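Everything on this sheet refers to the single structure shown next.
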Amino acid sequence: MPLICPSLMLTASSNTCSPVQDVADSCRTGAATNVIFGLALGYKYVIIPIFAISISIYVSFSLAAIYGIAVATIGMLTTISTGLAIDAYGPISDNAGGIAEMAGMSHKIRERTDALDAAGNTTAAIGKGFAIGSAALVSLALFGAYVSRAGIKSVDVLTPKVFIGLIVGAMLPYWFSAMTMKSVGSAALKMVEEGNDPTWCTCYAPLIVGTFLGVETLAGVLAGSLVSGVQVAISAPNTGGAWDNAKKYIEAGGVQEEHVKSLGPKGSDCHKAAVIGDTIGDPLKDTSGPSLNILIKLMAVESLVFAPFFAAHGSLLFKFI
């Protein structure tokens with residue numbers, strides 16, 4: 001039987017755990033099933049982190065309302081040094097493996113660096129988990145500050161203005177992820193073609209929504225982007241890390257040697273399917289997932305800064321309807 005991971009969240013990408021071994025097994029039938037299993041793994045491992053964040057929000061709010069959430073946020077941010085350290089371990093070990101391969105070192109050295117790289121993927125997923133958890137609490141505290149500064153007495157989701165903001169805000173993380181993932185693909189293509197002409201696209205959603213639709217709709221946008229962004233940001237690193245470690249599990253072996261041998265060596269069809277999954281997973285775990293932290297934080301900060309202006313001069317569109 002494969003090993004069952006004792007950890008509860010964000011270590012599903014470890015190649016000593018059954019989830020990654022299941023993803024590696026799915027490569028037997030091709031890249032499509034590998035992608036399906038990887039996506040399912042990422043979606044599944046959103047559940048426990050969300051419940052953990054929800055409980056922390058409920059307890060802190062019960063004790064001291066928004067101030068309690070702010071204090072809980074500061075408490076979680078005190079772990080930033082540890083989070084940065086374990087997050088940095090991944091690229092360091094990955095680059096060590098690249099140096100070993102380019103230097104033509106022995107196969108044993110490469111096996112050791114691959115094991116370190118696999119551990120680095122897991123620690124990076126944990127670091128990203130702490131980052132999105134703190135981002136959720138920070139954004140919620142800023143959301144409370146925005147509601148107070150904008151003079152909003154209550155946010156009623158049954159109001160059309162707010163509900164429009166909710167669905168638009170929930171869409172923004174997907175739009176943002178699409179842009180970041182497309183930029184990774186475009187950059188890779190340019191490198192292959194030896195081109196150097198990046199294309200930039202920016203979106204100032206809070207300014208547009210606050211000016212034309214008003215503070216209530218912007219409150220809905222902030223709530224929707226926070227709720228949706230946290231889910232995507234937790235799922236993406238787990239999915240990408242699982243695909244990466246499934247490839248390494250096939251290449252270098254793991255705790256179940258007979259199981260690994262049955263998957264085939266490098267160059268086999270099973271390994272090729274794992275490589276495809278890893279290629280898809282890199283933009284997810286290294287670009288789209290981490291960047292969503294920035295999206296939800298900056299949207300909240302931007303809305304808070306311009307809240308008085310939106311309250312006094314916003315909702316231009318509704319004034320003419």
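Note that the coordinates shown come from a computational prediction; the quantities given were computed from them, not determined experimentally.
For Phe309, the ring pair (Phe, Tyr, Trp, His ring centres under 6.0 Å) partners two or more places apart in sequence, or in a different chain, are His313. Every residue was checked against the side-chain hydrogen bond (donor to acceptor under 3.5 Å, both in side chains) condition with Thr279, not counting sequence neighbours, and none meets it. Residues forming a side-chain contact (heavy atoms from CB on, under 4.5 Å) with Val301 (at least two apart in sequence, or on another chain): Leu142, Val305. The salt bridge (Lys or Arg N to Asp or Glu O under 4.0 Å) search around Asp286 returns none, not counting sequence neighbours. For the side-chain contact (heavy atoms from CB on, under 4.5 Å) test, residues two or more places apart in sequence or in another chain that qualify with Ser303 are Tyr146, Pro206, Leu218, Leu222. Every residue two or more places apart in sequence or in another chain that forms a salt bridge (Lys or Arg N to Asp or Glu O under 4.0 Å) with Asp282 is listed here: Lys285.
In this structure, the separation between CD1 on Ile234 and CD1 on Ile48 is 11.0 Å, given to the nearest 0.5 Å. Thr217 OG1 to Leu317 CG: the interatomic distance, rounded to the nearest 0.5 Å, is 9.0 Å. Distance check: Met105 CE to Thr113 OG1 gives 9.0 Å after rounding to the nearest 0.5 Å. Interatomic distance, Leu292 CG to Thr287 OG1, rounded to the nearest 0.5 Å: 11.0 Å. Phe306 contributes atom CZ, which lies 10.5 Å from atom CZ of Arg149 (distance to the nearest 0.5 angstrom). Distance OG/Ser148 to CD1/Ile66: 9.5 Å, rounded to 0.5 Å.
For the side chain to side chain contact (heavy atoms under 4.5 Å, CB included) with Ile296, the qualifying choice from Leu140, Ile132, Val138, Val227 is Ile132, the only one to do so.
Contact record, Phe176 with Ser291: CE2-OG, 3.3 Å, taken as the closest heavy-atom pair. Minimum interatomic distance between Leu77 and Ser134 (heavy atoms only, all atoms of both residues): CD2-CB, 3.7 Å.
Residues Thr239 and Leu41 have side chains not in contact (no heavy-atom distance under 4.5 Å, counting atoms from C-beta outward). Contact check for Thr159 versus Glu216: no side-chain heavy atoms found under the 4.5 Å cut-off.
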Run the side-chain contact (heavy atoms from CB on, under 4.5 Å) test on Ser56 and Leu137 for me, step by step, so that the C-alpha distance in whole Å, both residues' side-chain angles and the decisive distance to 0.1 Å come before the verdict. CA-CA 9 Å; Ser56 65; Leu137 294 177; 4.3 Å; yes
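At distances below 3.5 Å, not a single donor-acceptor pair connects side-chain atoms of Ser235 with backbone N or O atoms of Gln231. Not one N or O on the side chain of Ser177 forms a donor-acceptor pair closer than 3.5 Å with the backbone of Tyr174. Between the side chain of Ser228 and the main chain of Ser225, no donor-acceptor pair closer than 3.5 Å is present.
Annotation: Phe37, atom CZ; neighbour count of heavy atoms from other residues, nucleotides and ligands within 6.0 Å does not exceed 12.
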